[in-house]
Structure formats: C-alpha cells, structure tokens
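To find a chain, count down the sequence lines: A is the first, B the second, and so on, and within it residues start at 1. All heavy atoms count here, side chains included; hydrogens, waters and symmetry mates do not.
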Protein chains: 2
Amino acid sequence: MASIGQRNRLQYIILGLLNQRPQTGYDLAKAFENEIGEFWQAQHSQIYPLLRRMEDAGEITHEDTVAGEKLAKKQYTLTPSGHDKLVDWVSEPSPELTPSKDEFILKLYFIKTDKDPRIQPMLREQLRLHQTQLDHLEGRLKTVFPTDAVKQQAYGHYLILDHAIERERDYVAWLSKYLTD
Amino acid sequence: MASIGQRNRLQYIILGLLNQRPQTGYDLAKAFENEIGEFWQAQHSQIYPLLRRMEDAGEITHEDTVAGEKLAKKQYTLTPSGHDKLVDWVSEPSPELTPSKDEFILKLYFIKTDKDPRIQPMLREQLRLHQTQLDHLEGRLKTVFPTDAVKQQAYGHYLILDHAIERERDYVAWLSKYLTD
DNA sequence: TCCTAACATGTAATTAATTACATGTTTAAG
DNA sequence: CTTAAACATGTAATTAATTACATGTTAGGA
C-alpha cells in the first residue's frame, strides 16, 4: 500500500499551495523559506518524494515543461480529488494544541532560582532574536499587504501574518517584563 | 557508535528532570503529561531506549529497586558528566526560532477571502479550545505556586508557566479581534 | 568568457517520533 | 475477593523529518 497518513500535514500544505497556482517542487520548497516558513518547514528532499506519492494517489498531476534549452521542470496541479481533499481538511475541526517546542523555554524550566546569573543574558538574547523577527514580520506586512484590497485577495495569509506579528510582539513584551535593565 | 545527536532535545530534558531528583522512566514519561507537556512531548517508548543509550554514554546511571513484593524499578541519577552536559546545554545560546506547527493557522492560510463562511466557526472553535487551556493553566499556577516562596524554589518552572499563560491569553485576544459575535 | 548564484530534481542514510504490541505488579475501590 | 486503574518496563513497526550525497542547467555579473 504505502499510502500517506492523515496526520501528514505537509501533504495538505502542498495541496493548498498548488490550489493557489500550479507550481514545481522547487517552487514549493521555496515557499517554506518565505511566508509559510513561519508555520511549517520542509526541505526539497521531503517534498519531491511526497509529490510522487501524491501523484500516485491521484491527488495531483504534473506536466513536463522545458525552460530555456533543456532544463526540465514538472509543473504540478491539483486534480478534482486533490481539491476535495484540501476542502475536507480545511473544514475539519482542529482540536489539537501542539506544544511549541521552544528550546529557550525548555532551558528556562531547568533554572532553579531567580538569582541565577544566566537568566538575564538569556532573556536579552531572546529579546534581540524576537525583536528582529518582529521587525522582519512587520516589514513583510507592509510590503505584502500595502492596501486593504490586497488583504482581501489573500485574507488567510493576512490573518496568519497578523497572528505571527502579535505573537512576536507578545513574546517581546513577556521577555521585557522580566528584564531588569 | 550510535551516539546521540546534539539536536536531540529529549536527552537534555531527561538530564534536567533527573537533576531535580532521581526518577524512573515511568516518572519521566509522566512529567510529559504535566508541566513539561506544555512545551515538549515524549512517550515511554521513546524514553526507555534513550535512557539506555544515555547510560551507555555515561551520562546517567541506575539503581535497581523493588517496590512491594517484586515490582522492579530502575531509579536513574545523573553522573557528573551528565550534570556537566546539562549545564553546558543551558548555558549555550538558543538562536533558533522554531515554527509553531499550529494546524489551525495552517488552515487559515489557505482561506482566500474574508467572506469565507468557514472563518467564524473556525475562530469560535479555537477560542473555546484556547480559553479552556488558559483556564487550565491559570488553575495550575494557583495550585503549583500558591506563595512567592514556592516561586523562588522553582523559578524557571514559574517563568514558563507564566509564559504559557500569557501566550494563551494573547491567542484568545487575537481570536476575539476577528470574531464578529 | 568565466564563474557564481539560483534554478531544478532526485536518492540515500540517518535520526526522531508515533503507534502498536507485549507483559507483568500493585493499590484502592466496590 | 474481584476488578480496574495506575504502576512499571520494554520492543517492533512505521512514518516523519533532517542531513548528506549527487547531478545538471540557466542567467547575470565581472
């Protein structure tokens, strides 16, 4: 059999991305370096084999094209069955609260007293990191969604970018609360 | 060889938990159902083999004990080498921003317009979920840290619980912002 | 024209993580 | 006294994910 498990979220991300427009595996891999990368990560070595399995399962198809002289590309598109699967997934409830797997938080947990001299440098390091990320995300919001009209064309994308920004803002605020600068 | 990769965070959690007090594999597995479960998850089937490998690596040792008539237990403790490894890990910088892997957010991303009728029910479902989680965490804070004295004895634990509460509070606030009730 | 970065696609090997299988003990409630 | 839940430890099978290996093309700048 070797079918794809229902808990494999990457397949749904691929379906969703292909629903936006036909794309190559390379294009999909690049999407994880951009906006979707805030919420999921995947390398091309995971994407190419999965594309094949999804095609075998009849959810996507590809068309071979050639760029320039002989650079082979596979342009993937959703089949009706793949589109149905995407719609079903989005419509399902999402009752799971996934733990955040934040290594810094994990380290904090093992610090015993508020006198530990490592706490302040750790907080400062994280503040710098999350402040940088916040700046980056705010920049993206301005460039990707300059007008309300653009927001409405990719409303979900706008929502999750707004969510990511709030998350970073709150993280920064929380860190600041415990910084004794 | 078959040594344990530096990116395997579970090993550090185990070191950290054993540093608090000697424990069995069963105790460690239970810790992931409680406070640490907010930030990491692991099943006993992952823990037992890792304990063995960590013992082989000289980071922990165990003492066989018997509870009651004949129930065998393995009480694990840190070796000096394991303690050093824990201290090193906590002291290292944590420069990685791990993506949150939130399935609801992922689904939102693929919704095109603010007119989509699925948005409001999805927001309501998530609000209920995160509100429940928030209530749960606030309850835990009151029972686990009733006084300031207790806070100081497990300050890191207090910090991450406070962080988790803020995170849920902010998530709830964000969801409410887009709910048109 | 040379070289480098980006484009493009794949496989192999390894590790991490989950789910299922498997067994036995102890405690406390009914 | 029976039984169910919690205690306790492991392995097997599978899937997910990362890192490394492997190859070749195209566009653009120096």
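Nearest-nucleotide positions on DNA chain D for B:Arg7 and B:Asp27 put B:Asp27 closer to the 5' end.
Atom pair A:Gln41:CD and D:dA17:P shows a separation of 11 Å (rounding to whole Å applied). The nearest whole Å value for the distance from the CG atom in B:Leu28 to the C1' atom in D:dC7 is 14 Å. Atom P of nucleotide D:dC7 and atom CD of B:Gln23 are separated by 13 Å, given to the nearest angstrom. Per the geometry, OH belonging to B:Tyr26 stands 13 Å off P belonging to D:dA5, to the nearest Å. The distance between atom CG of A:Leu10 and atom P of D:dA17, rounded to the nearest whole Å, is 7 Å. For the pair A:Leu50 CG and D:dT18 C1', the interatomic distance rounds to 15 Å; values are reported in whole Å. Rounded to a whole Å, the CD atom of A:Gln11 is 8 Å from the P atom of D:dA16. Taking atom CD of B:Glu55 as the reference point, atom C1' of D:dT9 lies 14 Å away to the nearest angstrom.
In summary, A:Arg53 and A:Asp56 do not engage in a salt bridge, as defined by a charged side-chain N under 4.0 Å from a carboxylate O. B:Lys107 and B:Glu125 are not joined by a salt bridge, as no carboxylate oxygen comes within less than 4.0 angstrom of a charged side-chain nitrogen.
Of the candidate nucleotides D:dC7, C:dG10, D:dA17, D:dA17 has the atom nearest to the side chain of A:Asn8. Considering only the side chain of A:Thr24, C:dT9 comes nearest among D:dA8, D:dC7, C:dT9. Between C:dA17, C:dT19, D:dC7, one nucleotide has an atom nearer to the side chain of B:Lys73 than all others, and that is D:dC7.
Residues B:Leu134 and B:Glu138 meet the side-chain proximity criterion, which asks for heavy atoms closer than 4.5 Å. Using a 4.5 Å heavy-atom cutoff, the side chains of A:Ile111 and A:Met122 are in contact. The side-chain heavy atoms of A:Tyr155 and B:Ile119, taken from C-beta on, include a pair separated by under 4.5 Å.
Contact annotation: B:Lys74 does not reach the phosphate of D:dT9 (side-chain N/O to OP1 or OP2, under 4.0 Å).
Taking the six-membered ring where the residue is Trp, the centroids of B:His157 and A:Phe110 are separated by 6.0 Å or more.
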Between the protein and nucleotides 11-14 of chain C, are there any N/O to N/O pairs under 3.5 Å, and if so, what are the atom names and distances?
none

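Under a hydrophobic-cluster definition in which Ile, Leu, Val, Met, Phe, Trp and Tyr are linked whenever side-chain heavy atoms come within less than 4.5 Å, directly or via other members, B:Leu127 and A:Leu159 are assigned to the same cluster. B:Val87 is not connected to A:Tyr109 by any chain of hydrophobic side-chain contacts under 4.5 Å among Ile, Leu, Val, Met, Phe, Trp and Tyr, and they are in different clusters. Placement of A:Val150 and A:Ile165 within a single hydrophobic cluster is found when ILVMFWY residues are connected by side-chain heavy-atom separations under 4.5 Å, directly or transitively.
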If a protein heavy atom is under 4.0 Å from the base, mark B; if only from the sugar-phosphate, S; if neither, -; do that for nucleotides 24-30 of chain D going 5' to 3'. BSS----
Stepwise side-chain contact (heavy atoms from CB on, under 4.5 Å) check, A:Leu78 with A:Leu15: CA-CA 7 Å; A:Leu78 284 192; A:Leu15 291 174; 3.4 Å; yes
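The closest side-chain donor-acceptor pair between B:Tyr171 and B:Gln133, if any, does not fall under 3.5 angstrom.
Residues passing the side chain to side chain donor-acceptor pair (under 3.5 Å) test with A:Trp174 are B:Asp162, sequence neighbours excluded.
Direction change of the helix axis from one end of the helix from C:dT1-D:dA30 to C:dG30-D:dC1 to the other is 30°, with five pairs defining each end axis (rounded to 10°).
Counting only distance, with no hydrogens or angles, the side chain of B:Lys74 and the backbone of B:Glu63 share no donor-acceptor pair below 3.5 Å.
Listed by residue number, the members of residues 100-109 of chain A with any heavy atom below 4.0 angstrom from DNA chain D form an empty set.
Every pair passing salt bridge (charged side-chain N to carboxylate O under 4.0 Å, His left out) that includes a residue from residues 77-89 of chain B is listed here, sequence neighbours excluded: B:Glu59-B:Lys85.
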